[in-house]
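Per chain, numbering begins at 1; letters A, B, ... match sequence-line order.
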2 protein chains.
Amino acid sequence: MKTATKLFLQKGVDQVGVREIAAKAGINLSLMNYYFQTKENLFETIFDSLVMDKAVKLRSILESDLPIEKKIRDYTNTYIDMLIGNPLLVSFVVSSLHRSPEQLKSMNAVVALYNSEVFCKHLISEADAGRIRRIDPEQLYISMISLILFPFAIKELICDRNQFSKEEFQAFIEERKSIIPEMLIGLLKA
Amino acid sequence: MKTATKLFLQKGVDQVGVREIAAKAGINLSLMNYYFQTKENLFETIFDSLVMDKAVKLRSILESDLPIEKKIRDYTNTYIDMLIGNPLLVSFVVSSLHRSPEQLKSMNAVVALYNSEVFCKHLISEADAGRIRRIDPEQLYISMISLILFPFAIKELICDRNQFSKEEFQAFIEERKSIIPEMLIGLLKA
DNA sequence: GTCTATACTCTGATAGAC
DNA sequence: GTCTATCAGAGTATAGAC
């Protein structure tokens with residue numbers, strides 16, 4: 001699984017052969033099939049183990065009792081730190097979603113990952129209390145994850161066009177930890 | 001090409017077989033290979049024809065003489081209208097980038113698509129004149145395209161979680177035509 | 001559980017007849 | 001240009017030794 005995870009993230013699921021995975025893992029192809037039956041099954045197992053724990057951690061922030069501004073800052077910081085440690089994850093998930101949307105939508109890890117319900121309720125109650133402007137909470141949630149995630153999806157392009165090294169890209173992303181909450185909170189207060 | 005384009009967008013390049021394309025196009029597999037040699041070549045041709053004209057149109061907005069606020073609004077409107085007409089395009093491009101980053105980076109259509117240079121210079125000169133706040137222009141550009149593009153990349157999830165019909169998703173996206181410029185301009189003026 | 005060996009089917013690509 | 005026939009390689013599956 002460790003070998004397959006690395007290869008799936010790097011090259012994409014369909015660019016990796018099962019014989020290559022088995023060879024680099026130092027095991028026999030038949031043994032791999034003994035445990036996972038199919039490549040698709042291996043993919044699902046890996047996807048779940050890659051996403052699940054991260055999704056749970058992120059979800060716990062949005063469902064905490066923190067004030068709304070702090071919630072946005074914590075979520076952004078945590079998400080970005082997580083992705084700096086695994087920058088290929090966004091491409092992997094978006095590509096997987098494109099590959100087989102029906103399969104992904106029903107997966108527990110994905111359900112946990114896209115979960116705006118409690119956060120949206122929090123936004124509504126704040127608006128009811130007159131502490132923030134009344135805007136569609138789902139729009140704010142989508143905007144937040146867009147600002148956090150999309151730069152990783154096009155990391156290769158950003159680095160290429162700006163001549164960024166790996167470190168410079170990371171610095172660029174770190175800057176966003178303050179820019180993103182500023183934009184979102186600005187919208188809530190405008 | 002028309003048949004292949006439709007299938008590539010719907011199912012993803014690697015989920016479509018060349019025999020399926022040829023069959024649905026009503027031609028022989030060998031004839032397809034006679035013109036395109038390889039599937040990869042067919043993919044490149046299609047990618048270019050899908051992206052190039054749209055990229056040129058978008059670029060012309062950023063390189064126009066419009067004032068900065070109007071530029072942001074026009075760019076957002078045009079981009080969103082374009083994607084409403086072809087919502088699978090973002091997933092397709094991001095997946096393609098993940099599939100073979102080196103190949104994509106050097107393609108003309110991609111160079112035209114991610115092009116922030118003139119826009120960034122405009123932002124800098126506005127900041128020099130004291131008309132907007134001085135922030136990293138690349139950050140604003142990336143934020144802008146993130147807010148516009150990412151919702152399309154996860155369209156399937158958004159529709160699933162919110163029980164959106166195709167029309168409701170479109171209405172949700174239309175709303176963003178005002179939200180996105182507001183966030184960006186808010187950041188420039190804060 | 002782990003391995004070798006093998007085979008079946010589907011895919012991308014090609015050679016060669018017309 | 002258009003076709004048939006065929007190729008090597010992929011994913012999958014099985015039988016059987018240890």
Side-chain angles (χ1 to χ4, degrees), chain A residues 1-51 88 91-107 109, chain B residues 1-51 88 91-107 109:
Chain A
M1 276 190 67
K2 201 174 152 187
T3 307
T5 302
K6 192 178 155 190
L7 289 169
F8 282 173
L9 282 170
Q10 268 174 8
K11 309 209 283 179
V13 178
D14 297 309
Q15 263 56 46
V16 186
V18 287
R19 285 172 177 84
E20 182 186 355
I21 299 170
K24 291 199 174 154
I27 61 161
N28 189 277
L29 173 58
S30 293
L31 185 58
M32 205 171 90
N33 259 317
Y34 174 74
Y35 282 107
F36 298 102
Q37 293 87 48
T38 67
K39 187 186 180 182
E40 211 50 33
N41 196 26
L42 173 62
F43 159 73
E44 269 194 54
T45 312
I46 284 175
F47 186 96
D48 215 80
S49 83
L50 262 178
V51 172
L88 292 166
S91 287
F92 177 68
V93 172
V94 172
S95 294
S96 301
L97 189 62
H98 186 223
R99 230 175 71 95
S100 44
E102 294 309 320
Q103 181 193 17
L104 268 267
K105 276 192 292 193
S106 59
M107 282 180 64
Chain B
M1 275 190 67
K2 201 174 150 187
T3 308
T5 301
K6 192 178 154 190
L7 289 169
F8 281 174
L9 283 170
Q10 269 176 5
K11 309 209 282 180
V13 178
D14 296 310
Q15 262 54 48
V16 185
V18 286
R19 282 173 178 84
E20 184 184 356
I21 300 170
K24 292 196 174 157
I27 61 163
N28 189 278
L29 170 58
S30 294
L31 185 58
M32 201 171 93
N33 265 319
Y34 174 75
Y35 283 107
F36 298 102
Q37 293 87 48
T38 66
K39 185 185 181 182
E40 211 49 33
N41 197 26
L42 173 62
F43 160 72
E44 270 194 54
T45 311
I46 284 175
F47 186 96
D48 215 80
S49 83
L50 262 179
V51 172
L88 291 166
S91 286
F92 177 67
V93 172
V94 171
S95 295
S96 300
L97 189 63
H98 185 225
R99 230 176 73 94
S100 45
E102 294 309 320
Q103 182 194 17
L104 268 268
K105 278 192 290 194
S106 59
M107 284 180 63

Please list, by residue number, the residues of residues 10-24 of chain A whose heavy atoms come closer than 4.0 Å to an atom of DNA chain D; answer none if no residue qualifies. V16(A), G17(A), V18(A), R19(A)

How many Å lie between [atom1] on [X] and [atom2] on [N], as a whole number?
| X | N | atom1 | atom2 | value |
| --- | --- | --- | --- | --- |
| N28(B) | dT2(D) | CG | P | 10 Å |
| M32(A) | dA13(D) | CE | P | 12 Å |
| L29(A) | dT14(D) | CG | C1' | 12 Å |
| Q37(A) | dG1(C) | CD | P | 12 Å |
| K39(A) | dC10(C) | NZ | C1' | 14 Å |

Distance check: side-chain N/O of N33(B) vs OP1/OP2 of dG12(C), anything under 4.0 Å? no

Return no unless some side-chain N or O of Y34(B) is found under 4.0 Å from OP1 or OP2 of dA13(C). no

Heavy atoms of other groups near K6(A) NZ, more than 12 under 6.0 Å: no

Starting at OG of S100(A), measure out to CD of Q15(B) and round the result to the nearest 0.5 Å. 7.0 Å

Working to the nearest 0.5 Å, report the span between CG of L42(B) and CD of E44(B). 10.5 Å

Is it the case that dT2(C) (base atoms only) and S30(A) (side chain only) share a donor and an acceptor within less than 3.5 Å, ignoring hydrogens and angles? no

So I27(B), base contact, sugar-phosphate only, or nothing? Heavy-atom distance under 4.0 Å. nothing

Looking across every strand, which nucleic acid part, if any, lies under 4.0 Å from F36(B) by heavy atom: base, sugar-phosphate, or nothing? nothing

Side-chain atoms of L31(A) come closest, of dT2(C), dA13(C), dT12(D), to dT2(C)

May I have the step-by-step check of ring-ring contact (aromatic ring centres under 6.0 Å, His included) for F43(A) and F36(A), ending in yes or no? CA-CA 9 Å; F43(A) 159 73; F36(A) 298 102; over 10 Å; no

Closest heavy-atom pair and its distance - F47(B), M107(B): CD2-CE, 3.4 Å

Shortest non-hydrogen contact from A22(A) to N28(A)? CB-C, 4.1 Å

Verify, without hydrogens or angle tests, whether S106(B) (side chain) and Q103(B) (backbone) share a donor-acceptor contact under 3.5 angstrom. yes

